[in-house]
Amino acid sequence: MSDKIYRVNMNDLTYKIEEVPSKWMGLGGRGLTSTIVAEEVDPECHPLGPNNKLVFAPGLLSGTTAANSGRTSLGAKSPLTGGIKESNVGGTSAGIMAKLGVKALIIEGLPEDDNTFYHLHVTKEKVTIEAVPDLVGKQNFEVLDEMLERYNKKVAVLTIGTPGEMKMLISNISVKDPKGKLRSLGRGGLGAVMGSKKIKCITIDAENYKEVHYAEPEKFKEASKVFTKSLQENPISGEGLPAFGTNVLVNIINEAGGLPSLNFRSGNSENAEDICGETMAENIKDRGGSTTHGCHAGCVIQCSQTYNDKDGNYLTSGFEYEMIWAFGANLGIKDLDMIAKIDALMDDIGVDAIETGVTLGLAAETDIIEFGDGERAYELLKYEVAKGTPLGRIIGGGTGNLGKLYGLVRVPVVKNQAIPAYEPRAVKGQGVTYATTPMGADHTAGYAVATNILNSGGYIDPLKKEGQIELARNLQIASAAVDSTGMCIFVAFPALDDPKCLPALIDMINARFGTNLTADDVTNLGENIIKLERDFNKKAGLGKSDDRLPEFMKYEPLPPHNTVWDFTGEELDSVWSYLDEK
Ligand code: SF4
């Protein structure tokens with residue numbers, strides 16, 4: 001049975017199961033979501049209105065036995081950036097969608113009745129759309145538990161909390177992981193888009209699926225072995241990440257002077273020792289929990305973890321570097337357990353760690369909160385954001401909007417999206433990616449930290465301009481292609497360092513689909529995706545002046561290196577000028 005497009009129309013609560021158009025056949029993940037959004041969504045539409053669409057798609061290799069291939073992409077017009085958005089996540093949804101034959105789930109329209117929320121249940125044969133008044137106002141873990149009980153645990157679950165229901169721009173979408181906890185996707189306010197469509201949760205049948213078909217199973221197995229070995233033998237993906245999780249980066253980035261601290265006032269944090277991966281691993285060793293955990297089945301890197309409190313009771317899981325940086329260094333909270341408590345709350349209510357943490361870091365420049373006040377941060381999220389009070393909605397609007405409301409100048413956003421955990425003045429290749437990716441500030445769009453700091457794929461001095469334009473361009477093209485396969489970002493390390501890794505990845509795609517793709521085809525795929533995303537953004541009203549970092553970074557030297565952001569507009573425009581002219 002071939003894959004199908006599942007299309008839900010929330011205007012009249014109907015669905016269709018359609019053949020996959022031939023032009024979409026070779027696409028998956030970001031390649032597919034961005035193509036569908038570019039073809040079917042009016043770039044000038046209101047992102048929370050009837051003409052936006054929410055598109056879920058598993059990667060090309062999702063559902064196979066390929067290591068680390070279980071990511072689901074989500075695309076839409078972003079209410080935060082005003083441009084196209086793709087965001088992806090592990091969890092259980094990608095593998096199940098792929099095995100069920102769901103090439104993409106497209107949700108369009110808005111229901112007439114604005115007071116009712118719905119639950120979509122997707123099976124091979126149909127989509128059931130039911131009103132769920134009892135779930136309204138509930139948070140993610142409660143919704144998850146109810147859905148798992150109802151379907152005897154045999155479903156993938158995607159859900160929004162109350163900030164998503166209230167269409168807050170910091171809201172995201174949570175996805176069940178293999179251990180029954182939650183992972184999140186949808187930076188750029190895609191939780192608000194799901195809320196605007198009045199969808200509280202989606203479940204996908206995990207009982208009646210078939211294993212995916214391989215055109216050449218033996219070739220696939222061979223290539224898969226080479227690929228897995230490459231992941232396991234790389235010092236970062238094979239040792240550093242499994243031992244300390246992504247939080248291994250706190251000390252590394254702090255030592256490089258690139259750990260944004262106290263609302264991007266320094267590249268060093270005095271809290272680094274308290275919040276770093278080594279401290280976290282020590283706590284896990286003493287208290288129980290686990291330093292290795294995969295966010296989806298088939299992950300051989302296992303950068304994730306479960307984290308317990310001082311009494312050995314479970315506190316949170318998927319406790320990642322970005323979260324720990326945002327609250328520990330940028331908002332200045334010293335207590336790792338407090339950050340873990342906030343992480344669990346944020347998983348429950350469904351808000352993005354980067355957007356929320358950076359918003360609170362900026363709020364610490366006002367009378368809303370003081371730097372370092374973890375209790376206040378927790379209370380603001382639990383009693384203001386989750387309940388939708390006026391103050392909660394101000395925070396829920398994200399960093400850029402808070403800056404405007406309070407007349408602040410030092411607002412760390414690109415295309416209105418909060419800058420993640422690498423200071424662009426001290427990690428300049430990453431700054432070029434932030435400025436020029438169609439996504440708004442997004443580290444995963446082209447992870448130049450690899451070559452600027454981690455010596456992966458060579459070394460380019462992070463404090464100098466030389467080589468950064470080419471680095472950010474090449475990494476963005478590669479990332480757009482890799483985001484289409486369903487692979488997680490950390491395959492980038494072996495892909496940059498081991499000449500066998502990328503060919504093995506391409507061999508797996510060819511063996512799965514019976515194609516003859518070459519490395520050039522993969523580069524072309526990445527370029528095509530970025531081209532169509534940039535074209536969408538242009539039509540949506542985003543221009544060259546949006547491909548810039550915040551002005552304060554140009555004139556405010558960043559300790560400890562006292563460097564400023566010194567790329568000209570012309571230099572930044574040169575990243576994609578050849579594509580724009582095509
Ligand atoms: S390495 Fe980390 S992010 Fe990647 S699949 Fe494994 S747990 Fe998820």
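The structure displayed is predicted, hence computed values, not measured ones. Indexing begins at 1, ligand by ligand and atom by atom, following the structure's order.
Minimum interatomic distance between Tyr6 and Leu100 (heavy atoms only, all atoms of both residues): OH-O, 4.3 Å. The shortest heavy-atom contact between Ser317 and Asp343 is O-OD2, 3.6 Å.
Under the 6.0 Å distance and 45° angle rule, Lys341 counts as a cation-pi partner of Tyr378.
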(request) Please report the C-alpha distance between Tyr151 and His121 in whole Å, then the side-chain angles of each, then the deciding distance to 0.1 Å, and finally whether the ring-ring contact (aromatic ring centres under 6.0 Å, His included) criterion is met. (result) CA-CA 10 Å; Tyr151 293 103; His121 182 59; 4.2 Å; yes

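Heavy-atom separations between Gly294 and ligand 1 include at least one value shorter than 4.0 Å.
Asn172 is not listed as a side-chain neighbour of Leu190, based on a closest heavy-atom distance of 4.5 Å or more.
The closest protein non-hydrogen atom to atom 6 (Fe) of ligand 1 is Cys299 SG, 2.2 Å. In terms of protein heavy-atom proximity, atom 5 (S) of ligand 1 is nearest to His296 CE1, 3.3 Å. Nearest non-hydrogen protein atom to atom 1 (S) of ligand 1 is Ile301 CB, 3.5 Å. Among all protein heavy atoms, the one lying closest to atom 4 (Fe) of ligand 1 is Cys488 SG, 2.4 Å.
Counting the atoms of ligand 1 from 1 in the order shown, those under 4.0 Å from a heavy atom of Asn68 are 1 (S), 4 (Fe), 5 (S), 6 (Fe).
Shown here is Lys219, whose NZ atom has no more than 12 heavy atoms of other residues, nucleotides or ligands within 6.0 Å.
Of the heavy atoms in Cys303, both backbone and side-chain atoms come closer than 4.0 Å to ligand 1.
For atom 6 (Fe) of ligand 1, the N/O/S atoms of Cys295 include none lying under 2.8 Å.
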